[in-house]
Amino acid sequence: MHRMCQDIMPTVATSGYADCFRGKINVFDLAGGAVTTLTFSPLSGRRSPALIRSYDPEDYYLFMVHGSPIRVEQSGNVTCLEAGDIALFDTSHPLAADFLDHGRQKRVTLMRLPRASLPLSGDAADRLLGSALLVRTQTGALLGQFLSGFREKTAAHGSTELHRLGRIGFDLASTFLASHLDAQRTLPVETREQVLRARIDTFIDHNLGDRELRPATIAAAHHISVRTLHQLFQGQPETVGAMVRRRRLERCKDDLLNPRLEHLTIGDIAARWGFRHPADFSRAFRAAYGAPPRDLRHAESRDPEA
């Protein structure tokens, strides 16, 4: 409990499990803020006016519930949050949070958003404190995916990639809050473009098997012109077309190495991921990996540890 108070904000915490309390906290410092993942025994937390006067970091926190319900009260709002819900609280208003005891550990993900950095006018976000926020939107879904899978994402990435992830997360959070305040147009152009790229990124992943997936269909799905789409990806490591091709080849490679898919022909696998002609797929695969797909599959089948 001491780490929670130290890393997030001073809070008076009580728990029926004080003698056998268990908790785990991971803090990831990122561009624009931080993401904290917590697992702990059920408890109740209170942040009083006296604690606020003693120390206030002036931060907002978006938090996502992964397990059993949480009751939150702040700024006159009281809500019970279920698994998958996202809400906002801050360190500058009294807060009550009850992590209800359902006989198992609690699990939440918090995203710190410094009040001074949030690109919203004044204290507009205060209107959202203590309320469950609508997540059934494109940006809500992307933010939910970002928060729910964050700990797993960080395991395979270095500091440069974590910085990029942090920037994306901050822009997603800013856009998510702005959408609840009908203030999207007040966001910086860079923030709106970053979120649009994140939407396009997810759209591509979900549609890699569609043979019609190309810049024109991607642009149409996002109500922009092909020219605007290409401009959006200027300065990025890949063009849109190159990104689609690389990801398709990566999925094909994974399938070729998967012994459970041995019954599929190389042509079947290529078609599964949107390649129209086996010959075109073989040329692209050889160019990317230095060997034809047949050689990769045969080498895997000869590996005694495969």
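Just so you know, residue 1 is the first one in the sequence shown, and it goes up from there. Any value given below was found using the heavy atoms of this structure, including those in side chains, with hydrogens, waters and symmetry copies removed.
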Residues that Asp85 engages under salt bridge (Lys or Arg N to Asp or Glu O under 4.0 Å), provided they are two or more places apart: none
By salt bridge (Lys or Arg N to Asp or Glu O under 4.0 Å) - contacts of Arg199 (at least two apart): none
Full working for side chain to side chain contact (heavy atoms under 4.5 Å, CB included) between Leu177 and Tyr60: CA-CA 11 Å; Leu177 294 175; Tyr60 288 108; 5.9 Å; no
Less than 4.0 Å between a side-chain N and a carboxylate O, is that true for [Y] and [X]?
X      : Y      : value
Glu73  : Arg71  : yes
Arg115 : Asp126 : yes
Asp201 : Arg247 : yes

When you check the side-chain N and O atoms of [X] and [Y], is any donor under 3.5 Å from an acceptor?
X      : Y      : result
Asn207 : Glu212 : no
Asp268 : Thr265 : yes
His230 : Thr239 : no

Check: Pro94 and Ile52 side chains under 4.5 Å, non-hydrogen atoms: yes
Does the ring center of [X] lie less than 6.0 Å from the ring center of [Y]?
X      : Y      : result
Phe21  : Tyr17  : no
Phe99  : Phe40  : yes
Phe176 : His180 : yes

Summary of salt bridge (Lys or Arg N to Asp or Glu O under 4.0 Å) pairs that have at least one residue in residues 171-180, sequence neighbours excluded: Arg167-Asp171
Side chain to side chain contact (heavy atoms under 4.5 Å, CB included) between Phe275 and Arg248, intermediate numbers included: CA-CA 8 Å; Phe275 286 96; Arg248 281 175 166 164; 3.6 Å; yes
